[in-house]
Structures are given as C-alpha cells and as structure tokens.
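Have a look at the structure below before the remarks.
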2 protein chains.
Amino acid sequence: MKGTVTVKTLAKELNISIATVSKALNDSYEISLETKQKVWDLAKKLKYERNPSASNLRSHKTKTIAVIIPEIANNFFSLAINGIEEIARKRDYHVLIYQTHENSDTEIAFTDSLLSGRVDGILISVSSNTNNNEHFKELVKKIPVVFFDRVFEDIDAVKITTDDYESAYNATCHLIECGCKKIAYLFALNNLVTGKNRFAGYLKALEKYNMLYTDEMIVHYDKDTSKNYENIKAMVSNQKPDAVIASIEELALPCYYVARELNLNIPKDLKIISFSNLNTAPLLNPSLTTIEQPAFEIGKEAAGILFKILEKKYFEPNENHILKSRLIKRESTSCG
Amino acid sequence: MKGTVTVKTLAKELNISIATVSKALNDSYEISLETKQKVWDLAKKLKYERNPSASNLRSHKTKTIAVIIPEIANNFFSLAINGIEEIARKRDYHVLIYQTHENSDTEIAFTDSLLSGRVDGILISVSSNTNNNEHFKELVKKIPVVFFDRVFEDIDAVKITTDDYESAYNATCHLIECGCKKIAYLFALNNLVTGKNRFAGYLKALEKYNMLYTDEMIVHYDKDTSKNYENIKAMVSNQKPDAVIASIEELALPCYYVARELNLNIPKDLKIISFSNLNTAPLLNPSLTTIEQPAFEIGKEAAGILFKILEKKYFEPNENHILKSRLIKRESTSCG
DNA sequence: CTGTTAGCGCATTCAA
DNA sequence: TTGAATGCGCTAACAG
C-alpha cells in the first residue's frame, strides 16, 4: 500500500510527531491552533483520509449503524431508510443495510454478526415470522438498539411505532359513519404489536357502534399469495361485507381483484380501506382509501434517538414513541 | 473491553499460538483438521466473532461494498438494492448505502470518503446533475467500480444499463401503429446516456414512419416540480398531441393531471406511455402504459460483476451489459 | 503442521 | 503544547 497517505506521512512532512498529527486531526484542545492549521492544510492538500479500520480498532467507534428490515423494495421501508440515511449523513455516519425477507434465522445471523464491533448501533424492524424475542433481549444488552414499526412489546429498548390502534379505529368509524353495515377485516402481522393493535382498533369501533361481528369476517394472511386470494374470495362471496379493512397492502390487492372478479363495484358495493405506504398514492385506483404511516418521519425519529443514545444523551430506555398516521380519503371513496 | 473473546482468548484456552488460531479460523491448509476443529468448536462455544476492524487493517479486505444512488425511496433503486443485497449476502459481504439526492457535490463527498479503505468496491448510479465525469475517471483508477442504470459513456469501467433506445423505439412504434399522429416527448436525464438513448429511440421511430416532429413537442424536465406541470400544460394545450412518452415517471404524473384538467380522456384523447418502475403497476390507473426496467436483475448483475472483479475473475473492463426492459400494456391502452 | 515476530494505522497514556 | 511509547486484534512472513 505504498502511496497511501497516513498520519505518518503528514508527520514526516511537517517534522512533527505522529501523536501531534493525530491529535490535530481530531481537533484536540491540546494542540495549538497554528499546528492544527498546518496539519489540516497538508491533509487537505495530500487528500489524507483517515483509515477507518485503524481508527475503529483503537477507539471502538465505527461511525456506522446497521439497519435491519424485512424488505427494502417496500415503500414504507425505503422511505424509512431515506429518513435514517438523512440523519446519519448529518453526523457523518455510515449506514449498513440488511434485509431479512421475513426470515427470522437470517435476522439472527445478522444481529450475531453485528456483535463483532462492526457498528455502533442498530435499527431494527423485526420480521413478522419472528415469534421468539429472547434473541433480541440478549442483543439489547450488548449494543444500542432502537426498534421501529415492527416491534416487540416486552423488550427493554426504545421503540418507534405508529398509532395503529387509533388509525384502525378511526378508519372503521369512518366506514360505519358512511353507512357500512358489515365490515370485514384482513388480518396480518398477528404476532406483532402492530397487527394486534390494528385489529383491536377495528374491534373497538365495531363495539362502539354495536356492529355485527363474527370470526367468519376475518381473513388471516397466508404466506402463500394465491391462498390469500382464495380465502378473501371465499369470505367476500359468503359473508358479503360492504366494506373491508386490509391491515397490510399485500392483502388489499387481492381483495381489489376479488371485487373485480365478483363484479362488485368499488366503492359502491365494497369499500376498501388499506394500511398502505405507497408514494404513488395519486395514481392509485381512486376507490382505495389508505391509512398512511409517516415512514420518513419514523426513520428520522428512530435514527435521531439512536444517535442520542450513542451520545449518552438519552435517558428513557423503555420509551415508546408513537407517531400519527393519516387517513387518506380519495375522491370516490369519500362518502359525503 | 474485558470479556471480549479474541484469538488470544482462544489460543490461551487451547494452549496453542495465536497464529495457529488465526489460521484455523481462516481455514488455512497449513493447519490440521484436528486443530481446526478444536478451534472452531471453542470459537462457537465462546461465541467468538472476528473483529472486522483488526482484520481489515491487516488484510486490506473489508468484506463491504458501497452503493451510491440518487434516491432510495424510488422503486427502481430499492429493487436494485434488493438485488445487490441478495448477491452480497451470499458472499457474506456487507452493504453500505448512500443517497446523493441528485446532488453531485454529495456524490463527490461520498466517493472521496470511500477512498479511505472502508469498502472493497463501489456500485454507482450517478446523479442526473453530475455533468462532470472527471471525478469518476479518477475514482475508477483507485477502486473497483461498477456503474448501473445511470452511467457515463466514456468511463473505463463496467456498466450495466437497460435497452433504453430499443424500448423507447418500440413504445413509440406501438403508439404509431395504434394510429397516433402526433407524439410528444417529456425529456429528462438529458446529460446521461439513458436520457439520450430514450430520446434517440423516440426520434428514430418517428423518422421511420415519417412522422411529424417539432421542438415544440418536447418538454424538458425542470427541477421545480410546478414548472413541469406548467410546461406540460402549455405544450399539451398548444400542440394538442394524441400521445405522450414520458422519459421518467416524475413527468408522467403531471402529464396525467394536465390531461385531467383539460378534460382529455385517457387514453382516447391522449395516450401516455411512461418509463416506470412501480411495483404497484396493477393498481395504476389502467390508462398508463409503462416501460419497466428489470431493476432487481440490474442490481444482481451489477453486484455479481463487482464481485467477479474483486475476485480477479473478470477481464473485460469496459464492457457494457444491456438488460432488456418490458413494455407493459394495460387493458384500456391496448389499442387492438 | 505450528510458533515467533512484526507490523497494519491510529489514539491514547504519560513524560517532557 | 508536543512527543515517545504502547497496543487495539488480527494476519502474513518466516522459521522451526
């Protein structure tokens, strides 16, 4: 690696010691401004770049965080990463990305590999197939972690989530107030707080209005996409709901197709409201009302708090930050 | 950092030398299977994780690549990252993400910072505002780089692109064969090969059919979103085209709104074809035909080639790999 | 096959 | 305010 400019190069050139150069580069109070300036100037001139590995090895600070998410090619997560990256950049931090594809073994492999000091902290949105949180309980003891969106209830770490309960409740109320008599529910993420809360909000609204409710009105998410279609079709055919709430977008789509195939007019015969995070909302079929999470803001919030923790400026380990989502009513769904 | 298990820990425990442990962990041929097994077993038992900084410092291999893209929250790029991450994972590589937000200064800052040995290689899709490629010419001399999607013509590096020329040509021919007489063009990415090729394909098709063409039928992309809307509106009002080709999706949307505002029926009065990469295609207004790039495959291809280069198994430095995109005709646009 | 030795580049004592 | 010395954890020569 000859030709590489290191602290040694700078020191030799300026006839000062390596230690002085190192301190000057780190803007230490021990060094005179004059010396610092000389070092900075030369560093710039020679395009010196601090070797991160050496620096990390010595200081145990990597200036890197990891983001573990189920999927990147998903509008919610890509927006969240956008927010995370933006905050990280401001602090000159680097961002590593890992996608689990909803596989909890992969998730465990990632977190294990991150224990070796590759990163200073981790942001995680857990895989929906992870039903064992023991692993995370160990993890949070060893390295700063902030959970976002997909979180576990009983883990001793900061969590950033959305108002799932309230938004599901509001959406359901909205439908009822529009005159809907039978509102079905497409259930997903059932082992995550998110999924549970959404369902609870839906139930609460039905309860408030004394609405009909049977288990037959619920369709549970299946990993096998074609089964979702079949299950929804069966439910809609048999139960004939006049509205549906989809707890994730992947269930809204087959529902939409089912309605088409059964010649149901949307939204006249069947209103669909879906939790969603498309940035293509304006292009969506206007009959689909969506509940949009503030993905970008969640990313920023999560990263912001992680950095506070890293800087030892955060003192409420267990706090749960809940951001508000928005009910986007598209023209032909507004019932007014 | 007491309690951290290092090669030293393992060596002491097994009463062998540090070097032997290190070699065993790296599965060196110099070490007997018996010794290796002992080391591996203990490593597993003690949950030893190699310190990446120390390893990098010594070996100059980071097992990390960087991806520099304009924007993450964009379906094309998020799909591409998906492909990249998938390939990287297979090789136990880590992936750093940087988004330039189309700012070429940011882009330069990123590439500079990556010269310090933080990564083994870089995948770049350049910012559309970068009109100076000198910087990249220097970069590719210092570190393996593969360009994808947004590339420069005259850089000595592998490039992965799509068949922009052909797909624009085909799309335009399709419109002409449908009976369109006046096809406008919404021009973007004009200082990138991608943008140039798309436009060239469009022109070629017009030429082939001896179609009308004037500069007034072209609208150029403006960073100011509201101006795009105004410009498209002016063009459509004055020129009254019966079809429009949008070279990027961000121009298809305002065009769609303009058509609406001018009470033009889509696709009867105005057909719109857009280069696009939404995974929500099925939900799109069915009047919008799209030309979809194989984003995921591009990511995989780019990463695959970068790894070949890193493994010294790639010998065609300048090669340009062109993947095929698909013209997706939605029901109400098919002119048959 | 195994061990000894010597750094990779940097940050941190401590002494001057 | 500066510098000499030490070692972070690991790998690579080289010798045994």
Side-chain angles (χ1 to χ4, degrees), chain A residues 1-40 42-43 46-64 92 113-120, chain B residues 1-40 42-43 46-64 92 113-120:
Chain A
M1 288 296 131
K2 64 168 185 190
T4 314
V5 23
T6 72
V7 278
K8 207 170 165 183
T9 323
L10 301 181
K12 208 172 274 174
E13 189 85 12
L14 293 170
N15 270 318
I16 55 178
S17 78
I18 292 178
T20 307
V21 171
S22 174
K23 284 176 191 164
L25 289 171
N26 289 318
D27 200 8
S28 160
Y29 65 93
E30 295 179 75
I31 304 295
S32 72
L33 187 61
E34 195 188 5
T35 311
K36 279 183 192 171
Q37 201 60 56
K38 277 199 303 192
V39 173
W40 292 340
L42 187 66
L46 266 42
K47 292 188 182 170
Y48 166 79
E49 292 280 346
R50 174 197 269 105
N51 180 312
S53 303
S55 181
N56 300 346
L57 180 58
R58 200 56 239 273
S59 65
H60 297 288
K61 280 174 201 152
T62 63
K63 287 235 148 203
T64 305
D92 270 315
S113 88
L114 291 174
L115 252 25
S116 60
R118 186 178 287 275
V119 298
D120 295 343
Chain B
M1 289 296 130
K2 64 166 180 186
T4 314
V5 24
T6 72
V7 278
K8 207 170 164 182
T9 322
L10 301 182
K12 207 172 275 173
E13 190 85 13
L14 293 171
N15 270 318
I16 56 179
S17 79
I18 292 178
T20 307
V21 171
S22 173
K23 283 175 193 165
L25 289 171
N26 288 317
D27 200 9
S28 160
Y29 66 94
E30 295 181 79
I31 306 295
S32 73
L33 188 61
E34 194 189 4
T35 311
K36 279 183 193 172
Q37 202 60 57
K38 278 199 304 192
V39 174
W40 292 340
L42 187 66
L46 266 43
K47 293 189 181 170
Y48 166 81
E49 291 280 346
R50 173 196 271 107
N51 180 314
S53 302
S55 180
N56 300 346
L57 181 58
R58 200 57 241 267
S59 65
H60 298 289
K61 278 173 203 154
T62 63
K63 287 237 151 202
T64 305
D92 269 317
S113 87
L114 291 175
L115 252 23
S116 59
R118 185 177 287 275
V119 298
D120 295 343

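Residue numbers start from 1 in every chain, and the chains themselves are labelled A, B, ... in the order their sequence lines are given, proteins ahead of strands.
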Provide, to the nearest angstrom, the distance between the [atom1] atom belonging to [X] and the [atom2] atom belonging to [N].
X	N	atom1	atom2	result
B:Leu46	D:dG9	CG	P	15 Å
B:Asp27	C:dT2	CG	P	13 Å
A:Asn15	D:dA4	CG	P	11 Å
B:Ile31	C:dG3	CD1	C1'	10 Å
A:Arg118	D:dG9	CZ	C1'	14 Å
B:Asn56	C:dG9	CG	P	13 Å
B:Ile16	C:dT4	CD1	P	12 Å

With DNA chain C as reference, determine whether B:Lys36 or A:Ser53 sits nearer its 5' end, using the nearest nucleotide of each.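 Counting from the 5' end, the first nearest nucleotide belongs to B:Lys36.
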One would report the end-axis bend of the helix from C:dC1-D:dG16 to C:dA16-D:dT1, five pairs per end and rounded to 10 degrees, as 30°
Does A:Lys61 come within less than 4.0 Å of A:Asp120, counting only side-chain N to carboxylate O?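 No.
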Run the side chain to side chain donor-acceptor pair (under 3.5 Å) test against A:Ser17 and tell me which residues pass, sequence neighbours left out. A:Thr20
With sequence neighbours left out, the residues meeting side chain to side chain donor-acceptor pair (under 3.5 Å) with B:Ser22 are none
Would you tabulate the nitrogen or oxygen pairs shorter than 3.5 Å linking the protein to nucleotides 10-14 of chain C?
{"unit_1": "C:dC10", "atom_1": "OP1", "unit_2": "A:Tyr48", "atom_2": "OH", "d": "2.4"}
{"unit_1": "C:dC10", "atom_1": "OP1", "unit_2": "A:Asn51", "atom_2": "N", "d": "3.3"}
{"unit_1": "C:dC10", "atom_1": "OP2", "unit_2": "A:Val7", "atom_2": "N", "d": "2.6"}
{"unit_1": "C:dA11", "atom_1": "OP1", "unit_2": "A:Arg50", "atom_2": "NE", "d": "3.0"}
{"unit_1": "C:dA11", "atom_1": "OP1", "unit_2": "A:Ser55", "atom_2": "OG", "d": "3.4"}
{"unit_1": "C:dA11", "atom_1": "OP2", "unit_2": "A:Ser22", "atom_2": "OG", "d": "2.8"}
{"unit_1": "C:dA11", "atom_1": "OP2", "unit_2": "A:Asn26", "atom_2": "ND2", "d": "3.4"}
{"unit_1": "C:dA11", "atom_1": "N3", "unit_2": "A:Arg58", "atom_2": "NH1", "d": "2.1"}

Residues two or more places apart in sequence or in another chain: which of them pass side-chain contact (heavy atoms from CB on, under 4.5 Å) with [X]?
X	result
A:Gln37	A:Trp40, A:Asp41
A:Ile18	A:Val7, A:Lys8, A:Ala11
B:Ser116	A:Glu49, A:Pro52, B:Arg118
A:Ser55	A:Arg50, A:Ser59

Salt bridge (Lys or Arg N to Asp or Glu O under 4.0 Å) partners for B:Lys23, two or more places apart: B:Glu30
Using the side-chain hydrogen bond (donor to acceptor under 3.5 Å, both in side chains) rule, take B:Thr62 and B:Asn56 through it: C-alpha gap first, then chi angles, then the decisive distance, then the call. CA-CA 5 Å; B:Thr62 63; B:Asn56 300 346; 5.6 Å; no
